[in-house]
Amino acid sequence: MVPPSQPAEQDPRVYFAAERTFLAWIRTGLGLMGIGFAVSRFGLFLRQISAAQSHLTPHTTGLSLWSGVCLVALGVIVNLSSVYRHFQLVHELSSGTWRPGRVSRDAVILGLILAAVGIAMGIYLVLVR
């Protein structure tokens, strides 16, 4: 005989799943910050190599610096919104107001932003050879 199932709000596995999701968002934010740092420093690396080879002052657009800073800022926003969403979800679970099947707006927004950044980077790489 199968025991009666507990409501989702009382099942500890639901809280553990929420914790895993929260940690996945934190990893995503940290990854964005790390990639942003690498992008911004990669432009500096390229300028140093160019200056060492030509003995001239390198021309820079600052694009890698600002795109790196934007990625770091996006990572910070992802981490802050994940903290807010985690507290909100735990509160909904403990009060019994949680509704299953809701679409994660944060995930959709992040996906759209990263897709736009990828398209912009692709266009930039095609135009600047």
Side-chain angles (χ1 to χ4, degrees):
M1 177 143 255
V2 177
S5 63
Q6 298 175 333
E9 298 83 20
Q10 295 177 358
D11 190 358
R13 294 176 295 181
V14 173
Y15 288 96
F16 296 145
E19 187 82 13
R20 284 190 305 273
T21 303
F22 172 61
L23 292 174
W25 277 106
I26 293 295
R27 283 190 304 271
T28 301
L30 287 173
L32 284 169
M33 288 188 283
I35 289 171
F37 182 80
V39 165
S40 67
R41 292 299 120 199
F42 187 68
L44 176 66
F45 173 71
L46 289 179
R47 285 194 301 274
Q48 292 297 327
I49 287 184
S50 174
Q53 289 178 350
S54 65
H55 302 294
L56 299 173
T57 51
H59 173 68
T60 179
T61 61
L63 185 63
S64 63
L65 173 67
W66 288 109
S67 59
V69 169
C70 287
L71 284 171
V72 169
L74 183 62
V76 170
I77 290 168
V78 165
N79 281 339
L80 291 175
S81 68
S82 68
V83 168
Y84 173 74
R85 180 64 187 128
H86 182 68
F87 279 128
Q88 186 182 34
L89 179 62
V90 169
H91 177 2
E92 287 175 4
L93 287 170
S94 62
S95 67
T97 59
W98 176 74
R99 290 179 301 142
R102 236 175 33 190
V103 174
S104 173
R105 285 179 307 186
D106 296 337
V108 171
I109 291 170
L110 179 63
L112 291 174
I113 289 172
L114 291 178
V117 167
I119 290 169
M121 287 173 59
I123 291 171
Y124 174 76
L125 290 173
V126 167
L127 294 177
V128 178
R129 295 179 187 191

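Remember, predicted model here, so these are calculated numbers, not experimental data.
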Asks: Any non-hydrogen side-chain atom of Ser40 less than 4.5 Å from a side-chain atom of Trp66?
Replies: no
Asks: For the hydrophobic clusters of this structure (ILVMFWY residues joined by side-chain heavy atoms under 4.5 Å, transitively), does one cluster hold both Ile113 and Val76?
Replies: no
Asks: Say whether Ile26 and Tyr15 are linked into one hydrophobic cluster, either directly or through other cluster members, by side-chain heavy-atom distances under 4.5 angstrom.
Replies: no
Asks: How about Asn79 and Trp25: do any of their side-chain heavy atoms sit closer than 4.5 Å?
Replies: no
Asks: Any chance you could measure Arg85, atom CZ, to Ser104, atom OG, to the nearest 0.5 Å?
Replies: 7.0 Å
Asks: Grouping I, L, V, M, F, W and Y whenever their side-chain heavy atoms are under 4.5 Å apart, do Ile77 and Leu80 come out in a common cluster?
Replies: no
Asks: In the single-linkage hydrophobic clustering (I, L, V, M, F, W, Y; side-chain heavy atoms under 4.5 Å), do Leu112 and Val103 co-cluster?
Replies: yes
Asks: Got a second to check how far Ser81's OG is from Arg105's CZ, nearest 0.5 Å?
Replies: 10.5 Å
Asks: What's the separation between atom CG in Leu63 and atom OH in Tyr124, rounded to the nearest 0.5 Å?
Replies: 5.0 Å
Asks: Within a strict 4.5 Å, meaning less than it, do heavy atoms of the Ser82 and Asp106 side chains meet?
Replies: no
Asks: Side-chain contact test, heavy atoms from C-beta onward, threshold under 4.5 Å: evaluate it for Phe37 versus Leu71 and give yes or no.
Replies: no
Asks: If hydrophobic clusters are built by linking Ile, Leu, Val, Met, Phe, Trp and Tyr wherever their side-chain heavy atoms come under 4.5 Å apart, do Phe22 and Phe87 end up in the same one?
Replies: yes
Asks: Can you tell me how far the CG atom of Leu89 sits from the CD atom of Glu19, to the nearest 0.5 Å?
Replies: 10.5 Å
Asks: Indicate yes or no: at least one non-hydrogen side-chain atom of Leu32 is less than 4.5 angstrom from one of Val78.
Replies: yes
Asks: Check whether any side-chain heavy atom of Leu65 sits under 4.5 Å from a side-chain heavy atom of Val39, and report yes or no.
Replies: no
Asks: Flag the pair Glu92 and Arg102 as a salt bridge only when some basic side-chain nitrogen lies within less than 4.0 angstrom of an acidic carboxylate oxygen.
Replies: yes
Asks: Do Leu74 and Leu114 make a side-chain contact, defined as non-hydrogen atoms from C-beta onward lying under 4.5 Å apart?
Replies: yes
Asks: How many angstroms lie between OG1 in Thr97 and CD in Gln88, if you round to the nearest 0.5 Å?
Replies: 9.0 Å
